[in-house]
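Index from 1, following the sequence. The structure presented is a predicted model; accordingly, all values stated were derived computationally and were not measured.
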Amino acid sequence: MYSILLSAGWPIWPLLVISILGLAIALERSWYLRQIHIFPKNCLETAFSLTNQMVNSKAGTAVSELQLAELAQLSPVSPLLACTLKEKLSGSSAESALEELQATAHSTWLKLDRYLGALATIATIAPLLGLFGTVVGMIEIFGSQGAINGAAGSPQQLAHGISVALYNTAFGLLIAIPALAAWRGLRAMANQRQRECEEFTRQIFKKLYPTDSAS
C-alpha cells in the first residue's frame, strides 16, 4: 500500500487526508443517527408519561421543572419533546408554544445535520483532487519527453508520470463514490429521525392543546 502511495506522487496525500476525514464523519454520523440513540426507550416513555400527568392534573402543574430538565437531557432531540411541556407548564398559549417549538426544532435539526455538509463537500472535491493529480502526472509525462531541451525522456520518468495520473484518478473516484453513497444514506437517516421527532412532538402538542390542535 505504501508503495502505491509513493507511486501516486505527492498529489495523493490531500486525497488520503480527506478520505480519513470522510470515513470518520460517516462512522460518527452512523452511530449518532441510530434510532436507539435519538429515541432511547426511557426518553419517549418519560415524555408521554409526563404529558399524561400534566393532562390529567386539573391545573396542569403535576410536572416539575426538574422533571422537564431531566427529560431534556435524555437524548439529542429530547429538548424538543420537553419544549411543549415547558410552555404548557408556564401557561403559554398554543401560538407562543408553537413559536418556541420552531426555534427549538431549528437547533435540533442542526444537531441531526451536523457534518453532513462536510461529507457532501468531500464527495464533490475528491474527483477534482483526483483530476488535479492527473494533470500533475500529465505534466510529468510531457516533461519527461524533453520538450524543453530536446533530450529523450527515460522510460522510468514516463512510467512515473503515467502512474501519478492514473493512481490519482482512481483514488479520487474511490473516495468520491463511497462518500456520495454515505452522504445519501445518512441524509435519509437524518430526515427520517426528523420526521419521527416531528410526529412525537405533534402527539404531545395535541394532547396538551387539544382545542387548538383540532382547530
Side-chain angles (χ1 to χ4, degrees), residues 1-47 71-83 101-138 162-203:
M1 182 64 181
Y2 184 67
S3 61
I4 294 178
L5 293 177
L6 291 180
S7 300
W10 64 266
I12 201 69
W13 295 108
L15 284 168
L16 185 61
V17 171
I18 67 170
S19 69
I20 295 173
L21 182 60
L23 179 61
I25 293 174
L27 292 176
E28 189 275 340
R29 287 291 92 185
S30 297
W31 176 87
Y32 186 90
L33 292 172
R34 293 173 305 154
Q35 188 175 43
I36 188 115
H37 178 251
I38 301 299
F39 300 108
K41 183 178 180 181
N42 63 329
C43 175
L44 294 177
E45 289 182 349
T46 301
L71 171 62
Q73 300 299 321
L74 293 179
S75 81
V77 300
S78 58
L80 183 58
L81 299 176
C83 180
L101 273 174
Q102 291 175 354
T104 306
H106 179 70
S107 61
T108 302
W109 306 156
L110 288 178
K111 288 189 289 185
L112 297 179
D113 294 341
R114 187 181 300 159
Y115 306 133
L116 292 184
L119 187 59
T121 301
I122 289 173
T124 302
I125 67 173
L128 298 179
L129 288 175
L131 179 61
F132 173 73
T134 302
V135 172
V136 171
M138 297 299 293
I162 293 174
S163 66
V164 169
L166 296 181
Y167 275 130
N168 280 277
T169 301
F171 268 88
L173 295 175
L174 188 63
I175 294 169
I177 294 172
L180 179 60
W183 176 79
R184 292 291 297 270
L186 293 171
R187 176 75 270 167
M189 286 181 65
N191 290 339
Q192 179 63 24
R193 298 293 90 83
Q194 179 178 336
R195 288 191 294 268
E196 292 169 351
C197 190
E198 288 175 344
E199 176 58 24
F200 293 136
T201 306
R202 186 192 67 81
Q203 293 177 16

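With contacts defined as side-chain heavy-atom distances shorter than 4.5 Å, the pair Cys197/Trp109 qualifies. A heavy-atom distance below 4.5 Å is not found between the side chains of Thr108 and Pro76.
Once rounded to the nearest 0.5 Å, the distance linking CG of Leu131 with OG1 of Thr169 reads 7.0 Å. The CZ atom of Phe132 lies 10.5 Å from the OG1 atom of Thr134; values are rounded to the nearest 0.5 Å. Rounded to the nearest 0.5 angstrom, His37 NE2 and Ser30 OG are separated by 13.0 Å. Atom CD1 in Ile25 sits 13.5 Å away from atom CH2 in Trp183 (nearest 0.5 Å). Put simply, CG on Leu112 and CD on Gln192 are 11.5 Å apart, with the number rounded to the nearest 0.5 Å. To the nearest 0.5 Å, atom CZ of residue Arg202 and atom CD of residue Glu199 are 4.0 Å apart.
Put simply, the side chain of Arg114 never gets that close to the backbone of Lys111: no donor and acceptor are under 3.5 Å apart. Thr104 places no side-chain N or O within donor-acceptor distance of the main-chain N or O of Leu101, the cut-off being under 3.5 Å.
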Next on the checklist: Run Arg187 and Asn191 through side chain to side chain donor-acceptor pair (under 3.5 Å) and show every step you take.
Outcome noted: CA-CA 6 Å; Arg187 176 75 270 167; Asn191 290 339; 3.2 Å; yes

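The environment of Ile36 atom CD1 is sparse: at most 12 non-hydrogen atoms of other residues, nucleotides or ligands sit within 6.0 angstrom. Arg34 CZ: more than 12 foreign heavy atoms inside a 6.0 Å radius.
Listed by chain and number, the residues in a salt bridge (Lys or Arg N to Asp or Glu O under 4.0 Å) with Arg193 are Glu196 (sequence neighbours excluded).
A distance below 6.0 Å separates the ring centres of Phe39 and Phe200.
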